[in-house]
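Everything on this sheet refers to the single structure shown next.
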Amino acid sequence: MKWRRNILFICIYIIVMSGCSWWDKKSQSGSPAPANPPQHASNWLLQKPLAFTISLPTTKSGGYSSKVDLQHEKWLDKLYDHFGVRMHVQVTEQDKLPLLFASGQIPDVVGVYGTPSTPAMSGSVEAGVFHPLSQLLKTHTPKLMELIPEAAWKAVSMNGEIFGVPSYLSNPSRRATYIRKDLLQQTGLSPPQTVEEFVAMLRAFKKLGVAAPYAMRENFKYADLVFGAYDVLPYKDQFTVIGDEVVPKFFKIEAMQQALRTMKTMYDEGLIARDFATITASHFFKTINSGEAAMWSHNAISLNTFATTIQQAVPDASVGIIPSPKGPKHTGGYLLYTPVLTSYYVNNKVEPERVIAILKFLEWQATSREASMFYTFGIEGETYSVDRDGSIDYYGAPVTLEEQDEEVWRSGTLWLITDSAINRDKIATMKYGQEIIHAMDHTLRKEGLGGIGFYPELPAFMKYPTLAPQQDVGPSFIVDNMVQMIYGVRPIEEWPEVLEEYRDRGGDEIIAEATERYFNNDGVIELTR
């Protein structure tokens, strides 16, 4: 695998040093300038309208962008008509980014899910494809530098130099514990505050005849409440220091065994599905939306969707978010997200003046009320109005699936740099908007598990794929053993032996790399609330 990466690295370097592509020609020619550029946008524009080419990331083919002509797309045209910015867009599947780099047709700006070290970037930053941005950002976009958290800037840096502009998270705690409040009321109990009370609550739900007291999903994805309570989440950014080593948190033997025993009790008593290890995402959501689940874990911003959907199946249902039950050391909640969801990189062949203009545009997106209103609601007088009291009448809100896809395109895909944790303007217009905002600002700010992460990723992850964790899924070797112990196939008392097997399979190399990097402060991120 490493030799393939090195060859691609060399190919990219050769291509970068060669001539320009049709992307270069397109970005240089741009679009004809409007006779009267928008005056209200002149605070971030240079003396002329801005045009640039850009590749936006996606994880799948299809979707809104595949159904429209991107050269004449509605919201791209309105961005130009109202603000003087012409984005020439192509959408690239993330796993096909290496082909884009190898083709030589590299646009002015490249977007990617994650950071410079994500495998799809294929060593392009190291190969010199992209502009170093640290000094330009400090000099020309100080508000952007101040707004985005330091941890996010660190995640898009290499060797101390910033190369990307990140779409960031102001609150890295996004996941929440959901409960059917109507069922809670029927039990006569209070919301559970501890793991023990949580299990007792599930037993009460089972007595009510609830099919899924706690909804599960394969790989413990969005089904890891208990492991969070014991602070043993097995994820990529959940390393910790034990003795003189930096190890995954599942090396906390006693806590891990307690968590596994709790999960086995839940399994043995029928408080989770018998086939929990193979429940797909679609099955997970079907269980919840049909009203068969009493408690589950998911992103807080999904409250409005869950509440309205479940009420279609169970009209008297009431859904809410509660503080996550705590473990014996008063920890609880879910992973803290890496502060970067997407990031954007400027081709090193773009002339400095236009690099500055692009950065100013991104600063406008992130800091301007004008930009927020455009990307959230569209155009005043066409899709929304502002009432005398300042409230928003979003009469152009999507109704059909096609309209929802269009809104996601405008407010998600095209809004490159924003706080991805919460869109307060949009959420305030929802039926359950104030409950979501309260959960984000109060409940979730008090919970969530931090940890140590590494950017660029540890090379040993690629060398030992069965031991490599993902952002919210543990290494397959570890997950398989967790499942076996909950099913009773392997004794929980053998967890120390699992760790020895992990070390023997290549884990010692992972731990050695993590330890060296951490104590040398080499590409380390410590996630905290």
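Counting begins at 1 with the first residue of the sequence.
Listed by first and then second residue, the ring-ring contact (aromatic ring centres under 6.0 Å, His included) pairs that reach into residues 221-245 are F220-F227, Y222-H298, F239-F454, sequence neighbours excluded.
Side chain of E513 to backbone of A460: a donor-acceptor contact under 3.5 angstrom is found. In terms of modelled atom types and a separation under 3.5 Å, the side chain of K154 and the main chain of V524 share a donor-acceptor contact. A donor-acceptor pair is defined here as one N or O able to donate and one able to accept, closer than 3.5 Å; such a pair exists between the side chain of Q257 and the backbone of I492.
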Side chains of residues 263-271: which donor-acceptor partners sit under 3.5 Å, not counting sequence neighbours?
| from | atom 1 | to | atom 2 | distance (Å) |
| --- | --- | --- | --- | --- |
| K264 | NZ | D268 | OD1 | 3.4 |
| K264 | NZ | D268 | OD2 | 2.9 |
| T265 | OG1 | R261 | O | 3.0 |
| Y267 | OH | R274 | NH2 | 3.4 |
| E269 | OE1 | R203 | NE | 2.6 |
| E269 | OE2 | R203 | NH2 | 3.0 |

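With no hydrogens or angles considered, no side-chain donor-acceptor pair links T515 and D244 at under 3.5 Å. Between the side chains of S124 and S122, no donor N or O sits under 3.5 Å from an acceptor N or O. Judged purely by distance below 3.5 Å, without hydrogens or angles, the side chains of T58 and E93 never pair a donor atom with an acceptor atom. Between Y464 and T466, the side chains place no donor N or O within less than 3.5 Å of an acceptor N or O (distance only, hydrogens not considered). Under 3.5 Å, the side chains of T338 and D237 contain a donor-acceptor pair of N or O atoms. No side-chain donor from either of N289 and T309 sits under 3.5 Å from a side-chain acceptor of the other. Neither side chain, K236 nor Q470, offers a donor N or O lying under 3.5 Å from an acceptor on the other.
Heavy-atom contacts from other residues, nucleotides or ligands closer than 6.0 Å to NE2 of H442 number more than 12. Annotation: N159, atom CG; neighbour count of heavy atoms from other residues, nucleotides and ligands within 6.0 Å does not exceed 12. Around CD of E516, the count of heavy atoms belonging to other residues, nucleotides or ligands within 6.0 Å does not exceed 12.
The two residues A300 and M440 make their nearest non-hydrogen contact at CB-SD, 3.9 Å. Annotation for M121 and T115: closest pair CG-O, 3.8 Å, computed over non-hydrogen atoms.
The six-membered or imidazole ring of F276 lies near that of Y487, with a centre-to-centre distance under 6.0 Å.
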*Worked check of side-chain hydrogen bond (donor to acceptor under 3.5 Å, both in side chains) between T92 and S55*: CA-CA 6 Å; T92 306; S55 169; 2.8 Å; yes
*Begin from the C-alpha positions of T418 and N423 and carry the test side-chain contact (heavy atoms from CB on, under 4.5 Å) through to its verdict.*
CA-CA 9 Å; T418 184; N423 183 335; over 6 Å; no
*What do the steps show when you test L225 against Y334 for side-chain contact (heavy atoms from CB on, under 4.5 Å), and what is the final call?*
CA-CA 7 Å; L225 181 153; Y334 307 90; 3.5 Å; yes
*asked:* Applying ring-ring contact (aromatic ring centres under 6.0 Å, His included) to F306 and W296, what does each step give before you reach the verdict?
replied: CA-CA 11 Å; F306 281 129; W296 63 94; 5.5 Å; yes
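When side chains are defined from C-beta on, S324 does not count as touching F198, because their heavy atoms never get closer than 4.5 Å. Residues Y178 and L303 meet the side-chain proximity criterion, which asks for heavy atoms closer than 4.5 Å.
E292 meets the side-chain contact (heavy atoms from CB on, under 4.5 Å) test with A211, T287, S290; sequence neighbours excluded.
The structure places OG of S167 at 8.0 Å from CD1 of I148, a figure rounded to the nearest 0.5 Å.
Contact check on E509 versus R503 returns no salt bridge, with no Lys/Arg side-chain nitrogen under 4.0 Å from an Asp/Glu carboxylate oxygen.
Screening K252, K326, K329 against D231 for a salt bridge (charged side-chain N to carboxylate O under 4.0 Å, His left out) leaves a single residue, K252.
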